[in-house]
Protein chains: 2
Amino acid sequence: MNEQSYPEFTGLELSPRKVDYLKFILEKGDTVKTTEISSGLQVDPSTTTKTLNELASAGYLNHVPYRGVNLTELGEAYAQFLIRRHRILSLLLTHYGLSSDEACNEVSRFEAFVSRDVVNKICSSMGHPMFGVCGEISHEICLHEEKHH
Amino acid sequence: MNEQSYPEFTGLELSPRKVDYLKFILEKGDTVKTTEISSGLQVDPSTTTKTLNELASAGYLNHVPYRGVNLTELGEAYAQFLIRRHRILSLLLTHYGLSSDEACNEVSRFEAFVSRDVVNKICSSMGHPMFGVCGEISHEICLHEEKHH
DNA sequence: AGATTTATTTGGGCTTATACCAAAAAATTC
DNA sequence: GAATTTTTTGGTATAAGCCCAAATAAATCT
């Protein structure tokens, strides 16, 4: 499943913290336990449980209580976008004199508020770069959407 | 008074909404009344009063109850930075295929989370442009700080 | 298996940011 | 100086975070 199937989201649906959760879960892959997330995001396990429930209610995760979570199809597509957004924006900032680390950290603070449309425009304007400063960039959505214009 | 005198701020001190208030007040100039702000930001006057008090407590404004507010020296320097940040970031986005309006709107959503350091780096990397997409850009701070490196 | 330990969830409470409404108070206008 | 408008105060609300303590489920150990 990839982003193509979800042309409807704007990229502004999730709060900054929820973005962290989804990115973390995608990067861990498969089923993720509450404790892994708690220590990964440095947050109390009870906070994690609650956030996981919210993400599950919103359709991004399947949560089996006491067992762990995994991404739904929507969640997977969405998380792929989140990672791509992070990488595109970080790469962009490195073109203005920031180091990779600086760029990543800075972007982490504001990425949740950058729309999918704008990410796609930047992405295409940069020629759909394959490598960001913190990993490979995949372009399933944005390339697909470009065809329609 | 200009930004030079305040090398200490990071640009992350204020919430998005407070950024709006300070930018609005700087653009109005001089003493600004509660009602002007309320209608400018489309918010209940009581909300404005409360926010104004918070900004005054934090040292950005002088508030004379029932009379209005004006920027302190810190507030003026800070607001100048806020405007410069908005314009630099908007200009940046127009280099990636966004229209002026799109760029302004997009930037409004995330600008509060972009640090002064990064704005200065972008600014100097762009050659300290004099004109943004929504007004002239003044460079008192960033040019000053550049001298120290 | 049964007991202990570990992991997870529930329930409660706290903070920050933002907002509105109704009533009181001050300033302005007539 | 009385009426009107503006501003403030006090109360309440929502959303997003977060933590703690207690309860519950799962896993481990003997």
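Labels below follow one simple rule: chain letters A, B, ... track the order of the sequence lines, proteins then strands, and each chain is numbered from 1. Values below: all heavy atoms of this structure, side chains included; hydrogens, waters and symmetry mates excluded.
Taking 4.0 angstrom as the limit, Arg17(B) places none of its side-chain polar atoms (N or O) nearer than this to OP1 or OP2 of dT16(C). Between Lys33(A) and dA26(D), a side-chain N or O to OP1/OP2 separation shorter than 4.0 Å is absent. Close to dA19(C), at under 4.0 Å from its OP1 or OP2, lies no side-chain N or O of Thr47(B). At the phosphate of dG17(D), neither OP1 nor OP2 sits under 4.0 Å from any side-chain N or O atom of Thr51(A). For Arg67(A), a side-chain nitrogen or oxygen approaches OP1 or OP2 of dA27(D) to under 4.0 Å. Put simply, Thr34(B) has a side-chain N or O that comes within less than 4.0 Å of OP1 or OP2 on dT8(D).
The pair Glu102(A)-Lys121(B) meets the salt-bridge criterion, since a charged nitrogen lies less than 4.0 angstrom from a carboxylate oxygen.
The CG atom of Leu52(A) sits 16 Å away from the C1' atom of dA16(D) (whole-angstrom rounding). dA17(C) atom P lies 13 Å from atom CD of Glu13(B), rounded to whole Å. We find that CZ of Phe113(B) is positioned 11 Å from P of dA17(C), with the value rounded to whole Å. Following rounding to the nearest Å, Leu61(B) (CG) and dT8(D) (P) show an atom-to-atom distance of 12 Å. Protein atom CG of Leu41(B) is 16 Å distant from nucleotide atom C1' of dC20(C), rounded to whole Å. One can place CD1 of Ile37(B) at 15 Å from P of dT6(D), the figure rounded to the nearest angstrom. A straight line from NZ of Lys18(B) to C1' of dT18(C) spans 9 Å, rounded to a whole angstrom. One interatomic measurement links the two molecules: CD of Gln42(A) to P of dC19(D), which rounds to 10 Å at whole-angstrom precision.
Relative to the side chain of Tyr66(A), the nucleotides dG17(D), dT10(C), dT9(C) differ in distance, and dT9(C) lies closest. Side-chain proximity of Val43(B) to dT18(C), dA19(C), dA22(C): nearest is dA19(C).
A donor and an acceptor atom, one from each side chain of Glu13(B) and Tyr78(B), are located under 3.5 Å apart.
Judged by atom type and distance alone, Ser46(A) does not reach the base of dC18(D) through any side-chain donor-acceptor pair under 3.5 Å. Evaluation of atom-type donor-acceptor distances gives a pair under 3.5 Å for the side chain of Lys50(A) against the base of dG12(C).
With hydrogens and angles ignored, the 3.5 Å screen pairs no side-chain donor or acceptor of Thr47(A) with any backbone N or O of Val43(A).
The residue Pro65(B) sits close only to the backbone: its heavy atoms come under 4.0 Å of sugar-phosphate atoms, none of a base.
Between Phe113(B) and Phe113(A), the two ring planes are parallel [angle under 30°; tilted spans 30° to 60°].
Comparing Asp44(A) and Thr49(B) against DNA chain D, the residue whose closest nucleotide sits nearer the 5' end is Thr49(B).
Lys23(A) is listed as a side-chain neighbour of Glu111(A), based on a closest heavy-atom distance under 4.5 Å.
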